[in-house]
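Structure record follows, encoded as structure tokens.
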Amino acid sequence: QVQLVESGGGLVQAGGSLRLSCAASGRTFSGYCMGWFRQAPGKEREFVATISRTGGRTDYTDSVKGRFAISRDNAKNTVYLQMNSLNSEDTAVYYCAAGSYTSTLPNYDYWGQGTQVTVSS
């Protein structure tokens, strides 16, 4: 079992930045690839970013490339999502997940409870 707890969400103006954190406990954090997903009201949960076990590989959905950056600190059992140049379309509940290096939701085994990000225009 892996327990994941997200933090860092909040209300931010368009053009601003937020840094999300996801703290892991339980089984070996470094044994999992990590991902960030988001779900806006009335929409399906969608892939945002993923990072490999060592942090050497990352991938992003097209809409966040150049604005968001995923990183991890295996010594602290934490994965981060730095979000810059936020706009209203980034408003969603953001979830971190542990699993495979993929954009596909079913390939992630463990999920956090989510943190709300609201971007005001």
Side-chain angles (χ1 to χ4, degrees):
Q1 287 285 343
V2 176
Q3 292 78 43
L4 302 172
V5 179
E6 303 95 337
S7 62
L11 176 64
V12 63
Q13 289 188 333
S17 298
L18 281 176
R19 188 195 197 201
L20 305 184
S21 299
C22 174
S25 60
R27 299 186 68 178
T28 306
F29 174 73
S30 60
Y32 292 90
C33 299
M34 299 298 296
W36 284 98
F37 293 78
R38 67 186 179 186
Q39 188 166 15
K43 296 187 177 181
E44 294 185 351
R45 193 170 300 188
E46 66 174 1
F47 167 75
V48 175
T50 186
I51 189 167
S52 61
R53 293 176 182 84
T54 63
R57 290 186 299 160
T58 59
D59 193 21
Y60 302 88
T61 192
D62 286 346
S63 63
V64 308
K65 285 180 180 177
R67 300 189 298 122
F68 290 12
I70 188 172
S71 61
R72 66 189 296 163
D73 185 338
N74 286 344
K76 295 183 178 179
N77 289 353
T78 303
V79 61
Y80 305 97
L81 185 67
Q82 178 67 44
M83 306 186 295
N84 300 324
S85 301
L86 287 161
N87 59 61
S88 59
E89 294 183 352
D90 297 316
T91 294
V93 177
Y94 283 71
Y95 299 88
C96 71
S100 301
Y101 184 80
T102 177
S103 62
T104 307
L105 275 70
N107 290 326
Y108 286 85
D109 301 312
Y110 303 102
W111 292 82
Q113 293 300 308
T115 185
Q116 176 70 48
V117 172
T118 303
V119 183
S120 64
S121 56

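Side chains are part of it too, since the values below use all heavy atoms of this structure and drop only hydrogens, waters and symmetry mates.
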Less than 4.5 Å apart, any side-chain heavy atom of [X] and any of [Y]?
| X | Y | answer |
| --- | --- | --- |
| Leu4 | Met34 | yes |
| Trp36 | Met83 | no |
| Phe68 | Thr61 | no |
| Arg72 | Ile70 | no |

Between [X] and [Y] (side chain of the first, backbone of the second, donor and acceptor by atom type, cut-off under 3.5 Å), is there such a pair?
| X | Y | answer |
| --- | --- | --- |
| Thr91 | Val119 | yes |
| Ser85 | Gly15 | no |
| Gln113 | Val5 | no |
| Glu6 | Cys96 | yes |

_Pairwise salt bridge (charged side-chain N to carboxylate O under 4.0 Å, His left out) hits with a residue in residues 52-63, at least two apart_ =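 Every pair satisfying salt bridge (charged side-chain N to carboxylate O under 4.0 Å, His left out) with a residue in residues 52-63: Asp62-Lys65.
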
*Rounded distance (nearest 0.5 Å) linking atom CZ of Phe29 with atom SG of Cys22*: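 Answer rounded to 0.5 Å: 7.0 Å.
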
_Distance check, rounded to the nearest 0.5 Å: Ser30 atom OG versus Asn77 atom CG?_
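Rounded to the nearest 0.5 Å, the OG-CG separation comes out at 7.5 Å.
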
Please give me the minimum heavy-atom distance between [X] and [Y], naming the atom from each residue.
| X | Y | value |
| --- | --- | --- |
| Ala40 | Ala92 | N-CB, 3.8 Å |
| Ser52 | Cys33 | CA-SG, 3.9 Å |
| Val79 | Ser71 | CG2-O, 3.1 Å |
| Leu11 | Ser120 | CD1-CB, 4.2 Å |

*asked:* Taking ring pair (Phe, Tyr, Trp, His ring centres under 6.0 Å) as the cut-off, I'd like each qualifying pair that reaches into residues 41-62, sequence neighbours left out, listed once.
replied: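 The answer is Phe37-Phe47.
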
Mind checking side chain to side chain donor-acceptor pair (under 3.5 Å) for [X] and listing every partner two or more places apart, or none if nothing turns up?
| X | value |
| --- | --- |
| Asp90 | Arg38, Arg67 |
| Gln82 | Asn84 |
| Thr102 | Thr104 |
| Ser7 | none |

same_hphob_cluster([X], [Y]) at 4.5 Å side-chain heavy-atom cutoff:
| X | Y | answer |
| --- | --- | --- |
| Val48 | Tyr80 | no |
| Val93 | Leu81 | no |
| Tyr108 | Leu105 | yes |

_Does Gln116, at its CD atom, have more than 12 non-hydrogen atoms belonging to other residues, nucleotides or ligands within less than 6.0 Å?_
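Count over threshold, so yes.
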
_Aromatic plane relationship, Tyr32 with Tyr110 - under 30° parallel, 30 to 60° tilted, over 60° perpendicular_ =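 The arrangement is perpendicular - the two ring planes meet at more than 60°.
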
